[in-house]
**Q** 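Submitted below is the structure of interest, expressed as C-alpha cells.
Numbers restart at 1 for each chain; the letters A, B, ... are given by sequence-line order, proteins then strands. Basis for what follows: all heavy atoms, side chains included, without hydrogens, waters or symmetry-related copies. Bear in mind that the values here come from a model prediction, so they are computed numbers and not experimental data.
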Number of protein chains: 4
Amino acid sequence: MSGTTVARGRIDKRQAILDAAFTVFAREGYAQAGVDAVAAEAGVAKATVYNHFGDKENLLRAAFAAVAEDALAKNMAAVERLTGEGDLRERLESVGLALMDCYCDERSWALRRLMAAELSQLPDLLDIVQRRAADRVMEALADRLARLALAGRLQLTDPLLAAEQLAALLSAPLDRRTRLGTQEVPEEELRHLAKAAVDTFLRAFGKEPAEAV
Amino acid sequence: MSGTTVARGRIDKRQAILDAAFTVFAREGYAQAGVDAVAAEAGVAKATVYNHFGDKENLLRAAFAAVAEDALAKNMAAVERLTGEGDLRERLESVGLALMDCYCDERSWALRRLMAAELSQLPDLLDIVQRRAADRVMEALADRLARLALAGRLQLTDPLLAAEQLAALLSAPLDRRTRLGTQEVPEEELRHLAKAAVDTFLRAFGKEPAEAV
Amino acid sequence: MSGTTVARGRIDKRQAILDAAFTVFAREGYAQAGVDAVAAEAGVAKATVYNHFGDKENLLRAAFAAVAEDALAKNMAAVERLTGEGDLRERLESVGLALMDCYCDERSWALRRLMAAELSQLPDLLDIVQRRAADRVMEALADRLARLALAGRLQLTDPLLAAEQLAALLSAPLDRRTRLGTQEVPEEELRHLAKAAVDTFLRAFGKEPAEAV
Amino acid sequence: MSGTTVARGRIDKRQAILDAAFTVFAREGYAQAGVDAVAAEAGVAKATVYNHFGDKENLLRAAFAAVAEDALAKNMAAVERLTGEGDLRERLESVGLALMDCYCDERSWALRRLMAAELSQLPDLLDIVQRRAADRVMEALADRLARLALAGRLQLTDPLLAAEQLAALLSAPLDRRTRLGTQEVPEEELRHLAKAAVDTFLRAFGKEPAEAV
DNA sequence: GATGAATGAGGATTCATTCAT
DNA sequence: GATGAATGAATCCTCATTCAT
C-alpha cells in the first residue's frame with residue numbers, strides 16, 4: 001500500500017519533470033532554458049532531474065517522445081474517423097478540421113519549433129517526431145484514402161501522394177495565418193480553411209462534380 | 001586610395017561578419033554558437049563584431065535580414081516568370097520547380113530553422129522573414145494567378161488562397177522528403193513533385209480538362 | 001545459525017567496504033573518489049556505507065587504519081628477523097630486502113600518497129600512519145640495532161639515529177627508482193640496492209672491515 | 001612606455017595567478033581547492049585564470065613547474081658549493097645543511113605532497129618534478145662526489161649511488177622529524193642531523209679515519 | 001576602427017548526505 | 001540493517017560584453 005504510494009510518487013515526479021521540461025523548453029528554447037528552471041517548474045531539486053534523465057539532452061529527448069506520442073495518438077484518432085460512411089465532403093471537412101486542430105495545438109507547434117531548432121545538433125529528434133509520428137499519420141491517411149478510392153469515392157493512383165497533398169492543403173496555410181503558431185486563428189477561419197482545402201482536394205481527386213470555392 | 005581600401009575593408013569586414021554569423025548560427029544554433037566562433041569564422045577579433053553590431057541579438061537580426069533579402073529576391077524572380085505566355089502547365093511546372101529550389105536552398109532551411117528556434121525569444125525575426133519576404137512572395141504569386149484568372153486561363157475566386165494552396169502543394173511534401181532539409185532529394189524527384197503539385201492545382205483551378213496523376 | 005550468517009554478512013560487508021574504499025581512494029584519490037564508486041566497488045548501496053562509517057572522512061580514516069595495521073605487522077615481522085644469529089651482513093641484507101618489499105608494496109605506496117594528499121586537511125591521518133606504525137617500526141629496529149651493539153656486533157651510540165639512517169639508506173633510493181611507486185623495480189635491482197645500503201651501513205657502524213662497493 | 005605597463009600588467013597577473021594557485025593548492029589540496037579561491041587569492045576574475053591557463057589541470061602543471069624550477073635552482077646552488085677547497089667534512093656539512101634547508105622549504109614540501117596526491121591522475125607531474133629537477137640535482141651531486149673521489153678525497157666507485165645515499169641520509173630522517181613538513185625542526189637539530197649524515201657518509205666513503213658519532 | 005585582455009553572471013553537472021520504506 | 005530516491009551546495013567552465021591601447 002505504502003509501496004504503491006512511493007512508486008506513484010516516483011512516477012508522478014518523473015511525469016512532472018517531463019511536463020515541466022517540455023513546458024520550459026517550449027517557452028524559453030532548449031538551449032536558453034536552464035535545468036534549474038525545469039526543476040523549479042516541476043517542483044523538484046535539480047539533482048532529481050539528473051537522477052531521472054542523466055543529462056539535459058536526454059531530458060529533451062524524453063520530453064519530446066512523450067509529447068510526440070500524445071500528438072500521434074490524437075492525429076491517429078482523427079484519421080481513423082475518415083471512413084466511407086455518410087457524405088464524403090462533410091466527412092473530409094470534419095476530419096480535416098480535426099487534423100488542423102492537432103496541428104495547431106500549442107504543444108504541437110512547440111514540438112515542431114524545438115525540433116527545427118535542435119535539428120542540427122540532435123538529429124535523432126527528427127526520428128522521434130517524424131518517423132515515429134508524422135510518417136505514420138501520413139501512412140494511415142494514405143490507407144484511408146486508398147480505401148475510399150477502392151470504394152469508388154475517390155479517383156487517385158498514388159494514395160501516399162494524395163495524403164501528402166491533403167495534409168499540405170490543410171496545414172501549410174496555417175503556418176502563415178498563425179504566424180508559426182504565435183497567433184490564434186478564430187475557429188471560423190479554421191473551418192473556412194478546412195473547407196477550402198477539402199474543396200480543392202475533391203476537385204482534384206473527387207468523383208462528384210465539385211462546387212466553386 | 002587608402003581611404004577607399006579602408007572603406008572597402010570595412011564593408012568587406014562587415015559583410016564577412018554577416019556571412020560568418022549566418023553560417024555559424026546555422027551550423028550550431030543561435031544560442032549555442034559563441035560570438036567567438038563567429039569572429040573566428042569571419043577572421044576578425046571578437047570586439048570588432050561588437051563594434052559593428054552592438055550585441056549578439058542584433059547580429060542575428062542583421063544576418064537574418066541579409067539572407068532573407070536574398071531569398072526574397074530569388075523567390076520573386078521565380079514568381080515573376082509566371083506569365084501567361086506559352087503552355088500554362090509547363091509554365092506552372094517550371095515556376096513551381098524554381099520555387100521548390102528556393103525552398104530547398106540550404107540557407108533557406110537554415111533561415112526557417114533559426115526562426116523557429118528563436119521565435120519565442122525574438123518574435124520580430126518573424127516579421128523580417130514572413131512579412132518582409134514570405135508574405136510578399138505570396139502576394140506576388142496571388143497577383144500572377146489573378147491575372148491568369150482574368151485572362152481566362154484559371155478558374156478561381158480567391159487568388160491569395162489559391163496562391164497559398166499552390167505553395168502548400170509545392171513545399172509541404174518537401175518537409176517530409178528532405179527530412180526538414182537534412183536530406184538531399186534528387187532533382188528527378190523534385191521534378192516529379194512539382195508535376196504532381198501542378199497537376200492537382202490545375203485539376204482544381206484549371207479550365208482545360210486535367211490528366212490523371 | 002542465521003544469526004551467525006547475518007553477523008558474518010555484516011562483518012563481511014564492513015570489510016568489503018573498507019577494502020573497496022582503500023582501493024578506490026588509492027586509484028582515484030580521496031577527493032576525486034565518490035562514495036558511489038566505493039559503494040559500487042563494495043557491491044553495496046551508498047547508504048550502507050554511511051550506515052557503517054558515518055561520513056566520507058571517517059571512512060578514509062578507517063580504511064587507512066586497516067591498511068596501516070597490515071603494513072605495521074608486515075614491517076614488524078621483518079624487523080623481528082634481525083637477530084644476532086649467523087652472519088651479520090647476510091642478516092641485514094635479508095632484513096633490509098624484506099623492509100624494502102614492505103616499502104614497495106602497492107598499498108604502502110598508496111598509503112603514503114593518500115596521506116601526503118590529505119595531510120593538510122586531515123592531520124590525524126599522520127598519527128595513524130606515523131605514530132602508530134612507522135615510528136614503532138623505527139623503534140623496533142632501533143631496539144634490534146641496540147642489542148647488536150650490546151652484543152659487540154655493531155658500533156653505535158644512538159640506536160634510533162642508526163635505525164633512521166639504515167631505513168633511509170634502504171628506502172630513499174627507491175623513491176627515485178620506482179618513480180614514487182609508479183614503476184616496478186626488478187627484484188635484482190632491489191637486491192643490489194639492499195646490498196649497497198647494508199654495505200654503507202656496515203662501513204659506518206660495523207666492526208668488521210667492510211668490503212668495497 | 002604604456003605598452004610596457006600593459007605587458008607588465010599581464011605578466012604580473014600571470015605570475016600572481018601562478019603564485020596564488022600554488023599557495024591555494026598547497027593549502028587546500030588540488031582537488032579540494034576551487035578555482036574561485038585561486039582567482040580570489042590572485043585578485044583576478046575567475047575567467048582570467050581560464051584565459052591564461054585553459055583549465056585547472058594545466059594551471060596546476062604551470063604552478064608546479066614554476067615552483068619546481070625555483071627549487072631546482074636553489075638545490076643546484078647548494079650542490080655547486082661542494083668543491084674540494086678546505087676541510088671536506090666542514091664543506092659536506094655545510095652543503096648538507098643547505099640541501100636540508102631546500103628540502104624543508106615550505107614550498108618544497110607542498111610540491112612533494114601535491115605530487116604524491118595527484119600522481120595517479122596526472123603522472124606527468126612527476127616528470128616535471130623528478131626528471132626536470134630532482135634527478136638533475138642528484139646527477140650534479142654525483143658529479144661533485146666523483147671529482148672528490150678523483151681528487152683522492154673520497155673512496156667510491158659508483159658516484160650516483162653515493163649521491164643517492166648521501167641525499168638519503170640527509171633527507172629521510174627529516175620526514176619523521178618534521179612529520180612530513182608539518183612541524184618545524186629547530187635549526188640546531190637540523191645541524192645535528194646534517195652532522196650525523198655526513199659522519200656516516202664519511203665513515204663509509206671517506207679516506208680520513210672517521211670519528212665516533 | 002581593430003584588438004587582446006579582463007570580467008561577472010550563469011549554466012551543466014556532481015557529490016556528500018539524509019530520509020522513508 | 002539495507003536500500004533507492006531526493007536534495008542543496010558546490011565546482012568547473014563558458015560566454016556575452018566592455019575597456020584600454
**Q** Can you tell me how far P of F/dA10 sits from CD of D/E28, to the nearest Å?
**A** 13 Å
**Q** Given F/dC13, E/dA6, E/dA2, identify the nucleotide with an atom nearest to the side chain of D/T48.
**A** E/dA6
**Q** Once salt bridge (charged side-chain N to carboxylate O under 4.0 Å, His left out) is applied, do any residues pair with C/D127, and if so which ones, sequence neighbours excluded?
**A** C/R131
**Q** More 5' along DNA chain F: B/G54 or A/A45, using each one's nearest nucleotide?
**A** A/A45
**Q** Go ahead and write out DNA chain E as dot-bracket, 5' to 3': ( ) for pairs within the strand, [ ] for ones crossing earlier pairs, | when the partner sits on another strand, dots for unpaired; Watson-Crick or G-U wobble, both distances under 3.5 Å.
**A** .||||||||||||||||||||
**Q** So which of residues 36-44 of chain B are in contact with DNA chain E, with a heavy-atom cut-off of under 4.0 Å?
**A** B/V44
**Q** Could you tell me how far apart D/N58 (CG) and F/dC13 (P) are, to the nearest whole angstrom?
**A** 10 Å
**Q** Using ring pair (Phe, Tyr, Trp, His ring centres under 6.0 Å) as the criterion, list what pairs up with C/F64, not counting sequence neighbours.
**A** none
**Q** Could you tell me the separation between the CD atom of B/Q130 and the OG1 atom of A/T182, rounded to the nearest 0.5 Å?
**A** 8.0 Å
**Q** Let me spell it out: for each of B/A47 and D/D55, pick the nucleotide of DNA chain F with the closest heavy atom. Which residue's pick is nearer the 5' end?
**A** D/D55
**Q** With a 3.5 Å cut-off and just heavy-atom distances, do the side chain of A/N51 and the base of F/dA6 make a donor-acceptor pair?
**A** yes
**Q** Take atom CD of A/E69 as the centre, draw a 6.0 Å sphere, and report whether it contains more than 12 heavy atoms from other residues, nucleotides or ligands.
**A** no
**Q** Name the atoms and distances for all side-chain donor-acceptor pairs under 3.5 Å in residues 23-30 of chain C, with sequence neighbours left out.
**A**
from: C/T23; atom 1: OG1; to: C/D19; atom 2: O; distance (Å): 2.8
from: C/R27; atom 1: NH2; to: C/E41; atom 2: OE1; distance (Å): 2.9
from: C/Y30; atom 1: OH; to: C/E57; atom 2: N; distance (Å): 3.3

**Q** Can a side chain N or O of C/H52 be found less than 4.0 Å away from OP1 or OP2 on F/dG1?
**A** no
**Q** Let me confirm one number: the OG-CG distance from A/S120 to B/L114, rounded to the nearest 0.5 Å.
**A** 8.0 Å
**Q** Tell me every residue that passes side chain to side chain donor-acceptor pair (under 3.5 Å) with D/D124, counting only those two or more places apart in sequence or in another chain.
**A** D/R61
**Q** Between A/Y50 and C/K56, just flag the one whose closest nucleotide in DNA chain E comes earlier from the 5' side.
**A** A/Y50
**Q** Is it the case that F/dT7 (base atoms only) and A/K46 (side chain only) share a donor and an acceptor within less than 3.5 Å, ignoring hydrogens and angles?
**A** no
**Q** What's the CG-P distance between D/L60 and F/dT11, to the nearest Å?
**A** 17 Å
**Q** Taking salt bridge (charged side-chain N to carboxylate O under 4.0 Å, His left out) as the definition, give me every residue that meets it alongside D/D70, ordered by chain and number, with sequence neighbours left out.
**A** none
**Q** Between P on E/dT14 and CD on D/Q32, what's the gap in Å once rounded to a whole number?
**A** 19 Å
**Q** How is D/A33 classified with respect to the nucleic acid when contacts are heavy atoms under 4.0 Å: base, sugar-phosphate, or nothing?
**A** sugar-phosphate
**Q** How close or far is atom P of E/dA6 from atom CZ of D/R14, stated in whole angstroms?
**A** 11 Å
**Q** Rounded to whole angstroms, how far apart are OH on D/Y30 and C1' on F/dT11?
**A** 12 Å
**Q** Atom CG of D/L59 to atom P of F/dC12: distance rounded to whole Å?
**A** 11 Å
**Q** State which residues pass salt bridge (charged side-chain N to carboxylate O under 4.0 Å, His left out) with D/K46; sequence neighbours excluded, sorted by chain then number.
**A** D/D36
**Q** Let me know the distance between CD1 of A/I17 and C1' of F/dA5, rounded to the nearest Å.
**A** 11 Å
**Q** Output every pair passing salt bridge (Lys or Arg N to Asp or Glu O under 4.0 Å) with a member in residues 109-121 of chain C, not counting sequence neighbours, ordered by first then second residue.
**A** none
